[in-house]
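Just below is one structure, and these are the notes that go with it.
What's counted below: heavy atoms across the whole structure, side chains too, no hydrogens, waters or symmetry copies.
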Amino acid sequence: MPRILIVDDEPTILNLLNKILIGQGYDATPASNGEKALQLLQTEKFDLMISDINMTPINGMELLRKAAASWPDMGVIMLTAYGTVATAVEAMKEGAFDYITKPFKLDELVLTVQRALEYHNAISENKDLKARLEHKAQLGGIVAESQGMRKVCGMIERVAPTSTTVLIYGESGTGKELVARALHHYSPRKEATFMAVNCAALPAQLMESEMFGHVKGSFTGANATKAGLFETAHGGTLFLDEISSMPLEIQSKLLRVLQDKKIRKVGGSDHTEVDVRIIAASNEKLETLIEQGKFREDLYYRLSVISIDIPPLRNRPEDILPLVDHILRRELGSGAELPQIDHEAQSILDNYNWPGNVRELENAILHALTFAQGNITKDTLPAKIVGTVEEGLKSGIITSRREQFKAKSLKAFLHDKEKEFLQRTIESMNGDKEKAASELGISLATLYRKLPSDQKK
Ligand SMILES: Nc1ncnc2c1ncn2[C@@H]1O[C@H](COP(=O)(O)OP(=O)(O)OP(=O)(O)O)[C@@H](O)[C@H]1O
Ligand SMILES: [Mg+2]
């Protein structure tokens with residue numbers, strides 16, 4: 001049963017509210033002034049506080065501020081006398097959920113209380129969920145606060161235990177190698193080797209001997225027989241980075257190895273069995289390269305049994321601050337006191353578009369640590385990043401991302417609540433929309449306009 005604290009220094013109103021709320025099935029507790037309210041708050045837990053604004057010695061605004069600071073999960077509704085609405089609006093800025101003007105209508109009160117409780121429930125459920133996800137967010141040292149990265153972690157959990165080939169897509173610096181390592185780490189192969197080869201860094205002739213090995217004397221300079229990466233990674237994982245740069249002739253050889261699970265050294269005639277899990281990564285879509293004749297379609301199908309897309313950092317701003325925290329901890333050691341990031345610096349990190357993704361963010365934080373005397377401020381961040389964001393904000397290309405998110409979620413919330421309320425009213429009128437509209441004080445046309453299309457009949 002939700003617990004509600006009512007604070008008002010007018011006994012008649014206090015009693016009235018108490019009666020109404022108990023009648024609605026709430027567990028209400030009255031307090032005749034701000035001091036008493038604070039005492040109760042110290043010892044008991046409330047889901048909601050309804051407080052008058054004009055009280056002495058502690059007025060409602062002061063009580064609100066204290067409550068918002070110490071009990072942020074509790075919802076607050078302010079009561080205000082007619083004519084002091086400006087103060088009430090001020091109260092909402094300080095964290096109150098809503099306000100009710102006195103004298104109030106019963107249904108208005110009941111509805112506002114319901115909405116406040118629902119809203120605060122939703123927020124604290126969200127917090128619980130976050131806490132539960134915390135350990136998952138650290139899967140293999142991967143920070144994953146955003147929906148997109150959680151999806152990536154979910155995929156890792158599901159496919160890591162298998163031996164399936166995985167193709168990882170992502171712009172440069174998004175964490176492709178990190179994901180590949182996590183796939184290895186959470187697999188039964190984790191005790192065996194993880195080998196990485198960058199296909200863009202090796203010329204074709206060298207790549208073949210690097211991957212499959214060579215026998216002594218097979219080419220000038222081959223003074224001894226050498227094992228290739230496949231042999232070295234036997235029982236483990238081979239990570240083929242920038243697979244899009246692999247020359248076509250090596251692609252054919254790789255395809256054969258994937259089919260036969262056997263390799264043949266350069267210059268050799270024996271076939272050796274290998275058991276290697278292949279993970280490939282690319283920052284361009286292989287489909288395009290297939291169309292251009294630069295990538296073998298059959299190899300593509302072999303590789304992309306499962307593909308994991310890592311979203312660019314600009315599409316998951318929720319990850320930025322947790323990543324900064326992660327980087328600071330890694331750089332300074334877990335026991336160290338971490339520097340604070342002031343508002344201005346945070347806003348810059350939030351609004352930059354991060355073409356170099358997490359790697360660029362890492363470099364920016366290392367830069368800041370080098371220059372910061374104490375806290376991380378705008379001046380300690382790379383000038384290029386600060387300049388880009390400031391230019392963007394000035395010319396209106398960037399609108400503050402935080403604002404966009406806040407506005408969107410509040411709007412969505414209000415929209416849902418309105419819909420719910422309309423439906424409930426219609427139900428209480430046994431489906432008679434005309435009656436419902438008149439009860440709501442709106443025209444039938446407005447009611448129809450606000451209803452979802454499947455309920456307009
Ligand atoms: N979600 C994340 N959580 C923690 N660290 C991350 C995350 N994503 C990337 N990093 C870090 O960012 C850096 C770049 O990651 P990584 O090398 O895996 O990216 P990449 O996609 O392989 O980059 P490139 O395309 O340049 O090869 C690494 O230091 C990595 O640890
Ligand atoms: Mg890489």
Side-chain angles (χ1 to χ4, degrees), residues 129-199 211 228-244 246 254-255 257-261 263 273-283 285-286 299-313 315-316 318-319 322-323 326-327 329-330 357-359 362:
L129 193 68
K130 254 189 177 163
R132 263 185 281 139
L133 283 169
E134 206 91 291
H135 80 280
K136 286 208 174 163
Q138 280 300 328
L139 178 93
I142 302 175
V143 172
E145 193 67 34
S146 62
Q147 192 77 28
M149 280 312 289
R150 286 207 207 132
K151 214 173 124 196
V152 168
C153 288
M155 291 281 274
I156 296 174
E157 279 185 305
R158 256 183 297 135
V159 303
T162 70
S163 266
T164 331
T165 315
V166 181
L167 181 58
I168 305 169
Y169 277 119
E171 287 180 12
S172 101
T174 44
K176 297 185 290 295
E177 182 156 349
L178 190 66
V179 167
R181 286 182 187 274
L183 284 168
H184 175 71
H185 183 78
Y186 290 96
S187 80
R189 299 169 175 265
K190 71 170 191 197
E191 301 300 336
T193 328
F194 174 91
M195 298 292 291
V197 55
N198 184 343
C199 303
M211 284 182 48
L229 291 167
F230 265 94
E231 259 181 284
T232 318
H234 182 64
T237 307
L238 179 59
F239 176 50
L240 303 173
D241 203 357
E242 302 204 40
I243 187 102
S244 53
M246 183 178 271
L254 175 62
L255 180 65
V257 176
L258 289 177
Q259 282 164 346
D260 305 343
K261 309 212 178 320
I263 52 140
E273 285 211 13
V274 284
D275 165 30
V276 172
R277 182 197 205 164
I278 299 292
I279 300 174
S282 173
N283 53 22
K285 288 280 172 189
L286 296 179
L299 176 62
Y300 166 74
Y301 286 118
R302 279 263 161 191
L303 291 174
S304 63
V305 179
I306 300 282
S307 74
I308 298 183
D309 266 298
I310 311 182
L313 189 55
N315 291 352
R316 44 182 170 106
E318 312 90 299
D319 285 339
L323 275 166
H326 173 82
I327 297 162
R329 275 175 211 284
R330 193 185 60 200
N357 296 292
V358 184
R359 191 188 308 287
E362 272 180 357

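For the residue pair Ile168 and Ala180, the shortest heavy atom distance occurs at CD1-N, 3.8 Å. What you find for Leu299 and Leu255 is that their closest heavy atoms are CA-CD1, 3.9 Å. Nearest heavy atom pair, residue Arg302 against residue Val305, reads O-CG2, 3.2 Å. In plain terms, the two heavy atoms of Ala233 and Leu238 that are nearest each other are CB-CB, 4.5 Å. Between Pro188 and Pro161, the shortest heavy-atom contact is CD-O, 3.6 Å. Of all the heavy atoms in Pro322 and Val143, the pair that sits closest is CB-CG1, 3.6 Å.
With sequence neighbours excluded, the residues satisfying side-chain hydrogen bond (donor to acceptor under 3.5 Å, both in side chains) with Arg330 are Glu362. Looking at residues two or more places apart in sequence or on another chain, you find a side-chain hydrogen bond (donor to acceptor under 3.5 Å, both in side chains) between Asp275 and Arg189.
Counting only heavy atoms from C-beta outward, the side chains of Tyr300 and Leu167 approach each other to under 4.5 Å. Between Thr174 and Tyr169, every side-chain heavy-atom pair lies at or beyond the 4.5 Å cut-off. Between Leu303 and Leu258, the closest side-chain pair of non-hydrogen atoms falls below 4.5 Å. Side-chain atoms of Tyr301 and Thr165, non-hydrogen and from C-beta on, never get closer than 4.5 Å to each other. The shortest distance between side-chain heavy atoms of Met149 and Ile310 falls below 4.5 Å.
Atom CD of Glu177 is separated from atom CZ of Phe239 by 5.0 Å, given to the nearest 0.5 angstrom. Atom CD1 of Ile278 and atom CD1 of Ile243 lie 8.0 Å apart (nearest 0.5 Å). To the nearest 0.5 angstrom, Cys153 atom SG is 4.5 Å from Ile142 atom CD1. In this structure, SG in Cys199 is found 5.0 Å from CG in Leu240, a value given to the nearest 0.5 Å. One distance of note links CG of Asn198 with CE of Met246; it measures 10.5 Å at 0.5 Å rounding. The CG atom of Asp260 sits 10.0 Å away from the CD atom of Glu273 when rounded to the nearest 0.5 Å.
Judged purely by atom type and a 3.5 angstrom limit, Asn357 uses its side chain to pair as donor or acceptor with the backbone of Leu313. When atom types are taken as modelled, the side chain of Asp319 and the backbone of Ser146 share a donor-acceptor pair closer than 3.5 angstrom. A donor-acceptor pair under 3.5 Å is absent between the side-chain atoms of Arg277 and the main chain of Val166, judged by distance alone. When atom types are taken as modelled, the side chain of Lys176 and the backbone of Glu171 share a donor-acceptor pair closer than 3.5 angstrom. Looking at Arg316, its side chain never comes within 3.5 Å of a backbone N or O of Gln147 through a donor-acceptor pair. At least one donor-acceptor pair closer than 3.5 Å links the side chain of His184 to the backbone N or O of Ala192. Counting only distance, with no hydrogens or angles, the side chain of Arg150 and the backbone of Glu145 share a donor-acceptor pair below 3.5 Å.
If you run side chain to side chain contact (heavy atoms under 4.5 Å, CB included) between Leu183 and each of Ile156, Thr162, Ile306, only Ile156 comes through.
The local environment of CD in Gln259 is crowded, with over 12 non-hydrogen atoms from other residues, nucleotides or ligands closer than 6.0 Å.
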